[in-house]
Amino acid sequence: MSLKLRKSKAPPPPPGCPIHACMSLLGGAWSTNVVWQLSGGPRRFGELLHDIPGISPKVLTTRLKELTEKGAVTREVRPTSPPSVEYALSPLGEELVPVLHAIVRVGTRLREVTLGPHRHERPTRRAQRQT
């Protein structure tokens, strides 16, 4: 005898799947790190490279370009000699900051639950690079 199929109580997904759009923005490697660092204010490329240990210049360039194209980051060429470029969160990018804080809270709770109160985790090399 098979079990009766229950009707879902979740609301239908919004048209165009905005959850997928947001997660594709944040899902790229290092994207959350870039947004996190820019939440503290505008940064130049070299500053971001210094702020995010383990990221390569090529990957940082790619992430900044993607985040700029998707409207989460602004790029401003400063009229200095030599010219410099500053990156900052756009108003849309600023909306991601509370989302990242919520993810940090849930991630902290998940670690507590999975590791237990007395176990200490030793981070992997990959985890050290991305935090």
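Worth knowing before you read on, the calculation uses all heavy atoms, side chains too, and leaves out hydrogens, waters and symmetry mates.
Cluster annotation: Leu110 and Val104 are assigned to distinct hydrophobic clusters (Ile/Leu/Val/Met/Phe/Trp/Tyr, side-chain heavy-atom contacts under 4.5 Å, transitive). Both Val99 and Leu67 sit in one connected hydrophobic cluster of ILVMFWY residues. Membership requires side-chain heavy atoms under 4.5 Å apart, directly or through other members. If you chain together hydrophobic residues whose side chains sit under 4.5 Å apart, Met23 and Leu96 never meet in one group. When the side chains of ILVMFWY residues are joined at heavy-atom separations under 4.5 Å, either directly or via intervening members, Trp36 and Ile103 end up in a single hydrophobic cluster.
Between the Arg75 side chain and the Thr68 main chain, no donor and acceptor come within less than 3.5 Å of each other. Between the side chain of Glu47 and the backbone N or O of Arg44 there is at least one donor-acceptor pair closer than 3.5 Å. Side chain of Ser90 to backbone of Ala72: a donor-acceptor contact under 3.5 angstrom is found. Remark: side-chain polar atoms of Thr61 are paired, donor with acceptor, to backbone N or O of Pro57 under 3.5 angstrom.
Between Ser31 and Leu25, every side-chain heavy-atom pair lies at or beyond the 4.5 Å cut-off. In this structure, the side chains of Val85 and Glu76 stay at 4.5 Å or more apart for every pair of heavy atoms. Counting only heavy atoms from C-beta outward, the side chains of Leu60 and Trp30 never approach each other to under 4.5 Å. Between Ile55 and Asn33 there is no side-chain heavy-atom pair separated by less than 4.5 Å. Inter-residue side-chain proximity for Tyr87 and Leu38 is flagged as met; some heavy-atom pair is nearer than 4.5 Å. Contact annotation: the side chain of Glu112 approaches that of Thr108 to within less than 4.5 Å [non-hydrogen atoms, C-beta and beyond].
Note that NZ of Lys70 is 10.0 Å distant from SG of Cys22, once rounded to the nearest 0.5 Å. The distance from atom CZ of Arg43 to atom CD of Glu86, rounded to the nearest 0.5 Å, is 9.5 Å.
The two atoms that bring Leu64 and Leu48 nearest to each other are CD2-CD1, 3.9 Å, heavy atoms only. A pairwise comparison of heavy atoms in Leu49 and Ser56 identifies CD1-C, 4.1 Å as the closest pair. The nearest pair of heavy atoms linking Ser39 to Val97 is CB-CG2, 3.6 Å. Closest heavy-atom contact between Gly28 and Arg63: C-NE, 4.1 Å.
With sequence neighbours left out, the salt bridge (Lys or Arg N to Asp or Glu O under 4.0 Å) criterion links Glu94 to no other residue.
Surrounding CD1 of Ile19 are at most 12 heavy atoms belonging to other residues, nucleotides or ligands under 6.0 Å away. Annotation: His50, atom NE2; neighbour count of heavy atoms from other residues, nucleotides and ligands within 6.0 Å does not exceed 12.
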